[in-house]
Engineer: 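I have a structure here, written as structure tokens, and I will follow up with some questions on it.
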Amino acid sequence: MAVNKVNEDLLRERARYTFNIEELTNFIDGGEEGTRNRREVEDMVIHVKELHDEVPEDYLSHKERYENAVKKGCILIDLLKEHVLRHSSFDAYKPSNMYRVLSMAKEVSPVLLHMGMFVPTIFGQASAEQQEEWLHKALMLEIIGTYAQTELGHGTFLRGLETTATYDPSTEEFVLHSPTLTSYKWWPGGLGQTANHCIVVAQLYSREKCYGVHAFLVQIRDSETHMPLPGIKVGDIGPKLGFQTANNGFLGFDHFRIPRKNMLMRNAQVLKDGRYVKSKSDKLTYGTMMLVRVMIVSDAAYELSRAATIAARYSAVRRQSMPRPGQPEPQILDYVTQQHKVFIAIATSHALRLTGGWLWDAYSSLTHDLDQGNLDQLPELHALACCLKAISSRDSNSLVEQCRMSCGGHGYMSSSNFPTIYGATAATVTYEGEYTVMLLQTARYLMKAWKEALGGIVLTPTVAYMVTYNKAKPAWVNTPEAIIQGFHAVAVGKVKEAADGIEYHQNSGKDYEDAWNAASVMLVKASECYCRAIICETFWKEIQKHSRSMSRNLAVVLQQLSELYLSYWVLERSGDFFQVRTVPLTRTKFEFVSFASPKCHCQMCTGFVAHITSVVVLAVQVSIQNLTLTFCTRKRNEFDIGSC
Ligand SMILES: CCCCCCCC/C=C\CCC/C=C/C(=O)SCCNC(=O)CCNC(=O)[C@H](O)C(C)(C)COP(=O)(O)OP(=O)(O)OC[C@H]1O[C@@H](n2cnc3c(N)ncnc32)[C@H](O)[C@@H]1OP(=O)(O)O
Ligand SMILES: Cc1cc2nc3c(=O)[nH]c(=O)nc-3n(C[C@H](O)[C@H](O)[C@H](O)COP(=O)(O)OP(=O)(O)OC[C@H]3O[C@@H](n4cnc5c(N)ncnc54)[C@H](O)[C@@H]3O)c2cc1C
């Protein structure tokens, strides 16, 4: 049998790397133990022949694809359980581990929601007694669940959900009901044919009063026959852009009764007589969504790293065109335009991975605080989780598409794996909080922070710079730190512009809701800039922090990737930097001039800003472009794709 011979161009490129590949691998895995764990699980998986398709999944029927995905999901979960039982240190519910194992199968697993939301909801929202009853069964997949929140009529507006859970004190039961077609649960992964239980989010009624949305654990299918229980209508919602084997389904209730104890009661409770005991915060019901948003940042990075690896390898082996007559066709990696497409994908996968780790640590700290009854950090973490989920998933999805396009026709083949990766990342931009909605959630937080900044109130860490920028302007020197300051200045400027926009519309007679809506494009922009500043700063600081304990050669390359990321986004957002005004040329200072704000439209001010800014920004652009071009050409000579 012919042995697959590794392409000579790829071997030559790999022989040229300038740093220790194993060291980079450990860095990406979060340490040597992480690499050992990952390799052990991969070794378990790679040799299981049932996980390798004889026939391309695209040639299978929907039913065959689903059955194939179920089979693979069961094999992977058994391997995961075996590994967890053998290594108590392997934290199966650290996002990167759980998702990594399931994503080793090409198809999205029908039990993704069981692992990704059903189990975490029991962890996060079930009382100790309820965890005692359900957690082990869920971890051992004796019950298979999903998370049923979204309805046909509402996905974003949770307070508008129509499914009702009405408490009947005479039987100590909740009666679940879907009063309208639009109240049918729609989308939950695994609901079509896989799950026999689910977390149902419904409007809680007791003693004829509505207490808002709460979570309930509901058995929907018979544990023996797997048939829907009486009063349950359930099935598959049909074909989608991607995620074809996620088994997304619909669910309707016809006065379906569950025991009182099936309301998740860690936060709020309903007593036997129907009395409602309020939670410390209504927002704790939303806890699972925050967890998954935090997970998505790391996993968006992972999916992008897969796409970037495919594109980098292809760029090394693909030879095309003849710039010099008679010369061999060059590797497409020699084209600067190809480097410009692929290198930013590599840099971004590192930026999002490190930011995702930083966010996971912040989330872990919050959950510890919440256990102690301290909710102080909840608003900031919600704002961070919203914007980072939105931006990371959108960046990942668009760069996956860029990687696909960089591989020409072969990138369009299913066998390239780009269509599967694209379908998974495209879904992530919408689920767990739609892109715009999430940025508007962060904008709510930023508007409050801005008001506090104007009053000189000390702000939480990620917005603290608003107070300083509102008073003293930073000096501009062309360093990564100064570029990060520039992003802070841009973010403050956009926040101010949006706040001024709301005020402007209110002064023109609109109420707050209409003024908010009229300024909402600026609000989204402000959140984007706030989030970009966080990613830029976190990426740079994490690289600086880790560089101190890594070999110089690796530190140099990672530093250059973070410089590339900063440069790329300054150039991508040069229009926003144009709005950053300098004052005396001797020491250029940032001052944000909004072209859209109701003030400073006078000819003099606008003319002055345009002239000075063009001088400064031109200087900035030239130096940044040099940095970028230098990075690409210099790195091309020695750029390591060995890690690819
Ligand atoms: C390729 C990568 C693969 C990644 C794989 C990772 C693992 C995957 C695992 C599973 C796959 C996932 C499959 C998908 C599942 C789903 O989609 S589940 C359903 C998700 N649905 C949503 O996210 C709904 C989005 N909408 C909202 O969240 C709401 O808009 C809202 C944010 C709740 C706001 O709605 P509303 O208008 O009613 O309320 P507001 O007045 O705007 O806000 C109320 C106040 O509450 C605060 N708030 C809101 N949410 C939270 C929260 N989660 N935590 C804390 N606080 C919250 C908000 O700030 C307001 O507070 P304020 O009044 O003080 O400002
Ligand atoms: C692949 C996939 C898997 C999913 N899995 C699950 C699951 O397992 N469980 C589950 O419960 N749900 C799941 N969902 C549903 C998902 O959570 C919702 O689709 C998502 O929350 C968006 O809600 P929506 O679909 O109602 O869109 P809408 O909220 O109707 O959004 C449509 C448009 O309206 C805009 N919009 C909405 N509200 C506002 C506002 N206040 N201000 C400005 N613009 C607004 C949005 O920006 C968007 O452009 C899944 C979805 C997908 C695509």
Side-chain angles (χ1 to χ4, degrees), residues 7-10 12-14 16-18 301 303-352 394-413 416-419 421-422 425 483 532 536 539 557-577 617-618 620-644:
N7 176 285
E8 286 177 11
D9 283 333
L10 196 52
R12 184 168 52 254
E13 294 296 343
R14 287 177 174 170
R16 298 165 75 168
Y17 56 73
T18 59
E303 293 296 337
L304 177 56
S305 69
R306 296 168 83 186
T309 301
I310 296 165
R313 285 176 177 162
Y314 185 78
S315 300
V317 303
R318 180 68 169 181
R319 288 179 172 271
Q320 198 65 203
S321 302
M322 190 177 289
R324 292 191 177 80
Q327 295 293 317
E329 290 186 77
Q331 295 161 275
I332 58 175
L333 190 58
D334 285 331
Y335 295 121
V336 173
T337 50
Q338 188 76 2
Q339 296 165 18
H340 190 254
K341 293 172 198 170
V342 177
F343 287 3
I344 187 57
I346 296 171
T348 303
S349 72
H350 287 282
L352 297 183
R394 186 78 175 267
D395 283 2
S396 174
N397 183 240
S398 57
L399 285 169
V400 165
E401 174 64 353
Q402 184 164 301
C403 288
R404 175 193 71 79
M405 291 188 284
S406 77
C407 297
H410 298 319
Y412 196 69
M413 295 284 293
S416 72
N417 211 25
F418 281 123
I421 298 172
Y422 181 83
T425 52
I483 290 177
R532 190 62 65 198
C536 287
F539 187 19
V557 171
L558 290 172
Q559 181 126 1
Q560 285 169 338
L561 280 177
S562 55
E563 286 169 7
L564 171 64
Y565 187 83
L566 292 175
S567 317
Y568 179 90
W569 279 104
V570 169
L571 295 175
E572 284 292 298
R573 291 286 179 268
S574 51
D576 295 337
F577 278 76
V617 174
L618 196 61
V620 169
Q621 271 201 329
V622 168
S623 61
I624 284 173
Q625 262 165 350
N626 283 344
L627 186 63
T628 307
L629 292 176
T630 312
F631 174 86
C632 287
T633 43
R634 185 176 70 237
K635 290 314 297 167
R636 172 65 194 92
N637 299 330
E638 57 197 76
F639 182 73
D640 163 55
I641 59 158
S643 58
C644 296

Engineer: Roughly how far, to the nearest 0.5 Å, is CG of L561 from CZ of F539?
Structural biologist: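 Interatomic distance, F539 CZ to L561 CG, rounded to 0.5 Å: 6.0 Å.
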
Engineer: Which residues pass the ring-ring contact (aromatic ring centres under 6.0 Å, His included) test with F418, not counting sequence neighbours?
Structural biologist: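 Not a single residue meets the ring-ring contact (aromatic ring centres under 6.0 Å, His included) criterion with F418.
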
Engineer: State which residues pass salt bridge (charged side-chain N to carboxylate O under 4.0 Å, His left out) with R404; sequence neighbours excluded, sorted by chain then number.
Structural biologist: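 With sequence neighbours excluded, R404 shows a salt bridge (charged side-chain N to carboxylate O under 4.0 Å, His left out) to E401, given in chain and number order.
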
Engineer: Which residues pass the salt bridge (charged side-chain N to carboxylate O under 4.0 Å, His left out) test with R394, sequence neighbours left out?
Structural biologist: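 Not a single residue meets the salt bridge (charged side-chain N to carboxylate O under 4.0 Å, His left out) criterion with R394.
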
Engineer: Can you give me the closest heavy-atom contact between L399 and A345, atom names plus distance?
Structural biologist: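 Between these two residues, the closest heavy atoms are CD1-CA, 4.3 Å.
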
Engineer: Apply side chain to side chain donor-acceptor pair (under 3.5 Å) to Y422 and list each qualifying residue two or more places apart in sequence or on a separate chain.
Structural biologist: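 None.
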
Engineer: Less than 4.5 Å apart, any side-chain heavy atom of Y335 and any of P323?
Structural biologist: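 In contact.
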
Engineer: Would you check if H340 and Q402 make a side-chain contact, meaning some heavy-atom pair closer than 4.5 Å?
Structural biologist: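 They are not in side-chain contact.
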
Engineer: For H410 and Y314, take the angle between the two ring planes, folded into 0 to 90°, and tell me which bin it lands in: parallel under 30, tilted 30 to 60, perpendicular over 60.
Structural biologist: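 H410 vs Y314 ring planes: perpendicular.
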
Engineer: Do you know which two heavy atoms are closest between Q331 and E13, and how far apart they sit?
Structural biologist: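 Distance-wise, the nearest heavy atoms are NE2-OE2, 3.0 Å.
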
Engineer: Does E303 form a side chain to side chain contact (heavy atoms under 4.5 Å, CB included) with L352? I'd like the steps, not just the answer.
Structural biologist: CA-CA 11 Å; E303 293 296 337; L352 297 183; over 6 Å; no

Engineer: Can you name the side chain to side chain donor-acceptor pair (under 3.5 Å) partners of T425, sequence neighbours left out?
Structural biologist: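 Side chain to side chain donor-acceptor pair (under 3.5 Å) list for T425, sorted by chain: N397.
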
Engineer: Can you run down the salt bridge (Lys or Arg N to Asp or Glu O under 4.0 Å) pairs that involve residues 339-348, sequence neighbours left out, and say none if there aren't any?
Structural biologist: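 Salt bridge (Lys or Arg N to Asp or Glu O under 4.0 Å) check on residues 339-348 returns no pairs.
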
Engineer: How long is the straight-line distance from CD1 of I421 back to OG of S416, given to the nearest 0.5 Å?
Structural biologist: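 That separation rounds to 7.5 Å.
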
Engineer: Would you give the length of the straight line joining atom CG of L304 to atom CD1 of I346, rounded to the nearest 0.5 angstrom?
Structural biologist: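 Going from the CG atom of L304 to the CD1 atom of I346 covers 9.5 Å.
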
Engineer: So with a 6.0 Å cut-off around CE of M405, is the heavy-atom count from everything else above 12?
Structural biologist: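 Counting neighbours around CE of M405, more than 12 heavy atoms of other residues, nucleotides or ligands fall under 6.0 Å, so yes.
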
Engineer: Taking M322's backbone N and O only, do any of them form a donor-acceptor pair with E329's side chain (distance below 3.5 Å, no angle check)?
Structural biologist: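 No, because the side chain of E329 does not come within donor-acceptor range (under 3.5 Å) of the backbone of M322.
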
Engineer: Return the minimal non-hydrogen interatomic distance between D9 and A316, and the atom names on each side.
Structural biologist: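 It is CB-O, 3.3 Å.
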
Engineer: About how many Å separate OG1 of T309 and CG of N417, when rounded to the nearest 0.5 Å?
Structural biologist: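 Output value for this atom pair is 11.5 Å.
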
Engineer: Calculate, to the nearest 0.5 Å, the distance between atoms CG and CG belonging to L571 and L566 respectively.
Structural biologist: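 Reported value, rounded in 0.5 Å steps: 11.0 Å.
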
Engineer: Between V342 and A311, what is the shortest heavy-atom contact and its length?
Structural biologist: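 Here V342 and A311 meet closest at CG2-CB, 4.2 Å.
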
Engineer: As an exercise, state the distance from OH of Y565 to CD1 of I483, rounded to the nearest 0.5 Å.
Structural biologist: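 It is 13.0 Å, given to the nearest 0.5 Å.
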
Engineer: Is a donor on one side and an acceptor on the other found under 3.5 Å between the side chain of Q339 and the backbone of L333?
Structural biologist: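 Yes: the side chain of Q339 pairs with the backbone of L333.
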
